[in-house]
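Just so you know, ligand 1 is whichever comes first in the structure, and atom 1 is the first atom listed for that ligand. Bear in mind that the values here come from a model prediction, so they are computed numbers and not experimental data.
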Amino acid sequence: AVTRTFSIIKPDATRRNLTGAVTKMLEEAGLRVVASKRIHMSREQAEGFYAVHKERPFFGELVEFMISGPVVVQVLEGEDAVKRNRDVMGATNPKDAAEGTIRKAFAESIEANSVHGSDSEENAAIEIAFFFKPEEIVG
Ligand code: CMP
């Protein structure tokens, strides 16, 4: 089925002017950008978005990194969008990411790993609603 997922092009990628290169790989994987905006997250937004990781030892660093520069938040649409996006992103740690994936091509480290993607359809809906109003999504 055609579904939606949520993506973030992270500060390490925007800093290196890779917004287009990352988006091209998403599009070539069969995903369509149906909403997109460049924002500089506030600390409150980053803490709220990553609230599920609050108890993790890397939470503080993760928040600092995500507010260290602009990000591009996107809604992606396509056949089985969550899985399709996870496949093209590659493993969280670029050391484990397969050839041809975004993280293999661009990620600097497990933290500065260039992209975020929702891990389930349920979380995709929550994450999309965190950043976008329904009328900002144009399919
Ligand atoms: P993301 O998909 O955005 O969701 C949580 C993020 O935490 C993850 O990508 C990584 O960038 C980051 N992360 C995961 N594990 C670690 C770690 N051990 N150290 C630092 N950051 C991490």
*Under 6.0 Å between ring centres, would you say that holds for F58 and F65?*
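No, the ring centres sit 6.0 Å or more apart.
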_For F131 and F6, I'd like to know if the aromatic rings sit close, meaning centre-to-centre distance below 6.0 Å._
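Yes: the rings meet the under 6.0 Å criterion.
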Of all the atoms in ligand 1, which lie at a distance below 4.0 Å from a heavy atom belonging to [X]?
{"X": "N113", "answer": "9 (O), 10 (C), 11 (O)"}
{"X": "H53", "answer": "4 (O), 5 (C)"}
{"X": "Y50", "answer": "1 (P), 3 (O), 4 (O), 5 (C)"}

*Atom NZ of K37 with >12 non-hydrogen neighbours under 6.0 angstrom*: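 Counting neighbours around NZ of K37, more than 12 heavy atoms of other residues, nucleotides or ligands fall under 6.0 Å, so yes.
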*asked:* Is it true that R86 and S118 share a donor-acceptor pair across their side chains at a distance under 3.5 Å?
replied: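 There is no such pair (donor and acceptor under 3.5 Å, judged by atom type) between the side chains of S118 and R86.
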How far is [atom] from its nearest protein heavy atom, and which residue and atom name does that atom have?
{"atom": "atom 10 (C) of ligand 1", "result": "I110 O, 3.3 Å"}
{"atom": "atom 9 (O) of ligand 1", "result": "K10 NZ, 3.2 Å"}
{"atom": "atom 2 (O) of ligand 1", "result": "H116 ND1, 3.1 Å"}

_Are M89 and H116 packed together at the side-chain level, in the sense that at least one heavy-atom pair is separated by less than 4.5 angstrom?_
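The answer is no; the side chains never approach within 4.5 Å.
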*Salt bridge check: are E77 and R32 linked by an N-O gap of less than 4.0 Å?*
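R32 and E77: not salt-bridged.
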*Taking the minimum heavy-atom distance to atom 15 (N) of ligand 1, which of F65, F59, F58 ranks first?*
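Looking at heavy atoms only, F58 sits closest to atom 15 (N) of ligand 1.
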